[in-house]
Amino acid sequence: MLTKGTFWGAVVIALVAVVWYRSQIMSDSAGMLKQGLRVAFVTGGSGPYWQITADGAQAAAADYNVELTVAMPLGSENIEHQMQNLLQVALDNPDGIVISPVDAERLTRSINRISDKSIVVTFDSDAPFSNRQSYIGTNNLAAGRLCAELVKEAIPDGGKVAVLVANLSKYNLVERKQGFADELARKRIVSDEADPAAYEVIDYLLDDGDDEKCAENIRSVLSANPDVKCMVGMNARHGPILIEVLSEAGKLDQIKLVTFDDAPETLAGIAEGHVHATVAQDPYKYGYEAVRMLATLCRKGESELPVVGGGSVSVTVYADAIRKDNLDEYRDRVQVRKQAIADSDEKDDAA
């Protein structure tokens, strides 16, 4: 039977052990952060969406003692420019490279070669058959299904739908298209007497990241299909272009719009009733988590990786539907984050 003295002695020993353990963990973490890493961050383009991913990457670099080099291709969704950026940063043999592959198939061989010397993490769009160690991004099959559900909301009686896509070489767009097509084709019987609404996809219109080509695709659809009921933009650039071209054609409120991402013009379009809804992602979080994950992998090595699944890690940042009824709430959340980032920058400058 334990005496009071024995009991309290055991308590003291346990507390000492806890304090020692926590001090060791904090010491190890501090030691890890002292180890400066060199990381290259290669985006898929140079527009506002990609700048937000780079902002997230820079924030993580500051938090995890990473020397970050950001490389943005000159053109949006341009594989040649991205390949040049990738090869250029790889020549410096950084500890790790973060990349959003514009063309998963063409870049797989390059990623595999680079992975012999540097740890590679993909974000926003994956290269799943490469030797990358981690993917940070949304579940794009689910995002595509969500987009189709929004189309069904916008035109519940069915009709013709045109879909704008930058390309089908990016793995995320391939998955979005698949999820969208699967959900749009799924029949919902409203009652025993009612036929399910029928949806016809006119085409998936590719523009290769060229804004003028995208605008021409929209004009062609309007000319050849005056009865089109809904137009979908699967890339961040598409919302603003759709609003502009349909406004010029006098069709802005006659055709329902469903888009991706939160370009200011798109959010204004939702507020004014021109856009039914948009599928919002979190590009800042993509950039931050990709650099954080890469820093962890560089410092902890294979002990951080699972023993199955080829040793790779995938982190999903979920997409969400933004409509007029939750637009203000969404904007408030974005503003809170911006203020937190600004406060953190001021604190760093003061230090």
Side-chain angles (χ1 to χ4, degrees), residues 39-47 49-54 56-57 68-92 94 96-141 143-144 165-179 206-210 234-237 260-261 281-283 285-291 293-294 297 309-317 319:
V39 170
F41 187 83
V42 184
T43 69
S46 55
Y49 176 91
W50 297 111
Q51 184 56 56
I52 295 172
T53 68
L68 190 71
T69 299
V70 176
M72 290 189 176
L74 296 176
S76 180
E77 315 295 339
N78 189 305
I79 179 60
E80 282 74 24
H81 289 169
Q82 188 181 57
M83 185 77 79
Q84 291 170 11
N85 286 160
L86 178 61
L87 295 178
Q88 186 173 358
V89 299
L91 287 175
D92 197 31
I97 294 177
V98 179
I99 184 170
S100 177
V102 170
D103 188 324
E105 185 175 350
R106 287 178 62 183
L107 282 168
T108 289
R109 184 175 297 178
S110 296
I111 290 173
N112 289 348
R113 285 200 301 268
I114 291 168
S115 67
D116 291 337
K117 295 183 178 180
S118 305
I119 294 177
V120 180
V121 168
T122 57
F123 78 101
D124 178 70
S125 186
D126 199 9
F129 304 111
S130 71
N131 291 338
R132 59 96 172 116
Q133 292 289 7
S134 177
Y135 165 64
I136 311 292
T138 193
N139 179 327
N140 281 288
L141 281 170
V165 190
N167 59 57
L168 289 174
S169 60
K170 287 187 72 173
Y171 196 73
N172 63 343
L173 294 179
V174 172
E175 289 194 314
R176 277 181 208 173
K177 176 179 178 289
Q178 185 62 58
L206 310 184
D207 57 52
D208 300 314
D210 185 322
M234 287 201 168
N235 293 81
R237 302 163 30 254
F260 262 78
D261 299 314
Q281 303 180 86
D282 197 340
K285 194 72 169 176
Y286 294 168
Y288 189 97
E289 288 298 322
V291 172
M293 175 62 75
L294 188 48
L297 292 174
S312 66
V313 180
S314 292
V315 176
T316 298
V317 182

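All values derive from a computational prediction rather than experimental measurement.
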Participant: Using every non-hydrogen atom in the two residues, find where Thr108 and Ala104 come nearest and quote the distance to one decimal.
Facilitator: OG1-O, 2.7 Å
Participant: Of all the heavy-atom pairs spanning Ala319 and Ala143, show the shortest one and how long it is.
Facilitator: CB-CB, 4.4 Å
Participant: Would Leu168 and Lys177 satisfy side-chain contact (heavy atoms from CB on, under 4.5 Å), going step by step from the backbone distance to the final call?
Facilitator: CA-CA 9 Å; Leu168 289 174; Lys177 176 179 178 289; 3.7 Å; yes
Participant: When you look at Arg237 and Asp207, which way does the side-chain contact (heavy atoms from CB on, under 4.5 Å) test go after all the steps?
Facilitator: CA-CA 11 Å; Arg237 302 163 30 254; Asp207 57 52; 3.3 Å; yes
Participant: For Thr138 and Val317, indicate whether the former's side chain and the latter's backbone hold a donor-acceptor pair under 3.5 Å.
Facilitator: yes
Participant: Please name all residues satisfying side-chain hydrogen bond (donor to acceptor under 3.5 Å, both in side chains) with Ser169, sequence neighbours left out, ordered by chain then number.
Facilitator: Asn167
Participant: Output yes when a side-chain donor or acceptor of Thr53 lies under 3.5 Å from a complementary backbone atom of Gly287, and no otherwise.
Facilitator: no
Participant: Of all heavy-atom pairs between Met72 and Ser46, which one has the smallest distance, and what is that distance?
Facilitator: SD-CA, 4.0 Å
Participant: Considering all heavy atoms of both residues, which atom of Pro94 and which atom of Ser118 are nearest to each other, and what is their separation?
Facilitator: O-OG, 2.6 Å
Participant: Relative to the ring of Tyr286, is the ring of Tyr49 parallel (under 30°), tilted (30 to 60°) or perpendicular (over 60°)?
Facilitator: perpendicular
Participant: Of the options Tyr135, Phe41, Tyr288, which is the one that meets Phe123 in a ring pair (Phe, Tyr, Trp, His ring centres under 6.0 Å)?
Facilitator: Phe41
Participant: When you measure from the side chain of Ser125 to the backbone N and O of Asn172, does any donor-acceptor pair fall under 3.5 Å?
Facilitator: yes
Participant: Please assess Leu107 against Ile79 for the test side-chain contact (heavy atoms from CB on, under 4.5 Å), listing each intermediate value before the final yes or no.
Facilitator: CA-CA 9 Å; Leu107 282 168; Ile79 179 60; 3.8 Å; yes
Participant: Are the side chains of Glu77 and Asn235 in contact, using a 4.5 Å heavy-atom criterion?
Facilitator: yes
Participant: I need the Leu173 CG to Asn140 CG distance, nearest 0.5 Å.
Facilitator: 7.5 Å
Participant: Is any side-chain heavy atom of Leu141 closer than 4.5 Å to one of Gln178?
Facilitator: yes
Participant: Just by distance, do the side chain of Asn112 and the backbone of Asn131 share a donor-acceptor pair under 3.5 Å?
Facilitator: yes
Participant: Any chance you could measure Ile111, atom CD1, to Asp116, atom CG, to the nearest 0.5 Å?
Facilitator: 12.5 Å
Participant: Do the side chain of Gln82 and the main chain of Thr43 share a donor and acceptor less than 3.5 angstrom apart?
Facilitator: yes
Participant: Given side chains that start at C-beta, do those of Gln133 and Met293 come closer than 4.5 Å, heavy atoms only?
Facilitator: no
Participant: Between Asp124 and Trp50, is there a side-chain heavy-atom distance shorter than 4.5 Å?
Facilitator: yes
